[in-house]
There are 2 protein chains.
Amino acid sequence: MANIQATDAGKHKMSAAHRVEHALIEEISAGELLPGVRLDEVGLAHRFGVSRTPVREALSRLTAQGVLVPGEKRGAFVAEYSREQLSQIFEAMHEIEAACARIAAQRLSLLARSEIETAQGDCMKAAEAGDRVAYLRANEAFHLTIYKATGNPYIAEIASEFRRRTGPFRAKKFQTREDLIGSAQSHQTLIDDIFSEDSNTASKGMRDHMTNSFMQTLRVN
Amino acid sequence: MANIQATDAGKHKMSAAHRVEHALIEEISAGELLPGVRLDEVGLAHRFGVSRTPVREALSRLTAQGVLVPGEKRGAFVAEYSREQLSQIFEAMHEIEAACARIAAQRLSLLARSEIETAQGDCMKAAEAGDRVAYLRANEAFHLTIYKATGNPYIAEIASEFRRRTGPFRAKKFQTREDLIGSAQSHQTLIDDIFSEDSNTASKGMRDHMTNSFMQTLRVN
DNA sequence: ACTTTTCTTTTTGTATACAAAATTATTGGG
DNA sequence: CCCAATAATTTTGTATACAAAAAGAAAAGT
């Protein structure tokens, strides 16, 4: 459960430690840093042009957040998960996503509706264009609008964290243009369920959507 | 979402940074460090007999986990919550706890049953004795047995984290021996629901239990 | 008396050095 | 050739010094 208060970025120059932390999170999410990869303090310090101190801080923070795992005796590694662990994460994620859908359906504002629809429009556009990178980004943004619609930053953050951590694994199921279009189309069903404003319909809709997503993900991991 | 991998404690001497981190977590959970209190790097370094470096690391990790919040420009403070925020946390917690109860009911092992019953026995003992400190500890332990019964470390950890963070606020509702006994007795209803092995019964039982707990907590905060 | 400016102190973030622990490479013996 | 011992190298954790930023206190101005 990470800190959800605003970071300093808007008010002050971001510290080196935070820059390194965010850069690593981005790389992990983008699949550029693969699970199991060892992170090297000295190498990172050299690469970011800073001393080991801020690098150590960034690595330590990421370890505290579970994004990295410590080696048995030394080193920090990008967290990797067995299929067993992945399925456990998905089970937890399943519950959280269903809860988010339920709460979102209960307190859907016009603004939230609009944001969800706009995000879905972006998904459809990227899928039609067969633009995988854009679709990955749009897909994540779409789900974030649902979390935001809950009006509850705490549960939204948990859902977001799960999404970030499983991102590289889930991304593997989006290979062809057909994959993208299928995913984007399934969003529409989900939206209808949430916009029904019926808690159980929304919750069930999200469970179905995520079950499908997880099954596909486990197929390719 | 914190790191749930085992720490080094069992294999090696714990680093100073981890010692400080754990000590602070304990003090916050015990209500010795109150919400809103500012943590002073230099003072803590002096108190723990180490340099600022491991203290900074501990504070940074706790900030990454949301246990502490950064001041606008400087300082780290024990996170405090308005009633509004508390109720949002409880809403999220409500969902997580209900999910834990549902999953636990679905996969209840004999060992898990035994552990839950033992923990409840400890609760009853502490309550009858009017021993507030012991009850607080036993109550937390009781809930942890339910999380463990889910067999899913990820959702268990989220639930545990919420429990840790709201601990000081929830503890305020346990003032008299009657409070303790009432709480311990409500566990029995909850146990029956979970031991029914019916998902919906367990889920609803937990929702009721937590709703009651939250209402009481908001009354005294 | 109040406000602004200047000075001082405190806090923060970082670089660097050092020591200890862990790992790897090399050497010598069977 | 294999294994054990030793040496060298790398990694980790920490202490300390330094500079910059922020806050507080004191002095000067209106």
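Just so it is clear, the structure is predicted and the values come from calculations on it, not from any experiment. The chains referred to below are lettered A, B, ... by the order of the sequence lines, with proteins before strands, and numbering in each begins at 1.
- Other residues, nucleotides and ligands contribute only 12 or fewer heavy atoms inside 6.0 Å of the NZ atom of B/K125.
- Whole-Å rounding puts the A/H46 NE2 to D/dT10 P distance at 15 Å.
- A straight line from CE of B/M14 to P of D/dT12 spans 19 Å, rounded to a whole angstrom.
- Here the C1' atom of nucleotide D/dT14 and the CD atom of B/E57 are 10 Å apart, to the nearest Å.
- For the pair A/R56 CZ and C/dT14 C1', the computed distance is 14 Å after rounding to whole Å.
- A/E41 pairs with exactly one of A/R52, A/R74, A/R47 by the salt bridge (Lys or Arg N to Asp or Glu O under 4.0 Å) rule, that one being A/R52.
- Rounded to a whole Å, the NE2 atom of B/H18 is 14 Å from the C1' atom of D/dT14.
- With rounding to whole Å, B/E41 atom CD is found 15 Å from D/dA22 atom P.
- Note on B/R38: only backbone sugar-phosphate atoms sit closer than 4.0 angstrom, heavy atoms only; bases stay farther off.
- For the pair B/H94 and B/R207, the tightest heavy-atom approach, listed with the atom from each and the gap, is NE2-O, 3.1 Å.
- When the side-chain nitrogen and oxygen atoms of A/R74 are compared with OP1 and OP2 of C/dA21, none of them lie within a distance under 4.0 Å.
- In this entry the distance linking CG of B/L59 with P of C/dT14 reads 15 Å, nearest Å.
- We find that CG of A/L44 is positioned 11 Å from P of D/dT12, with the value rounded to whole Å.
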Which pairs, protein N/O on one side and nucleotides 15-17 of chain C N/O on the other, fall under 3.5 Å?
unit_1	atom_1	unit_2	atom_2	d
C/dA15	OP1	A/S51	N	3.1
C/dA15	OP2	A/S51	N	2.5
C/dA15	OP2	A/S51	OG	2.1
C/dA15	O5'	A/S51	OG	3.3
C/dA15	N7	A/T53	OG1	2.8
C/dT16	O4	A/T53	OG1	3.4

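- Remark: aromatic rings of B/H143 and B/H209 are close, center separation under 6.0 Å.
- With sequence neighbours left out, the ring-ring contact (aromatic ring centres under 6.0 Å, His included) criterion links B/F174 to B/Y135.
- Ion pairing between B/E26 and B/R164 fails under the 4.0 Å rule for side-chain N and carboxylate O.
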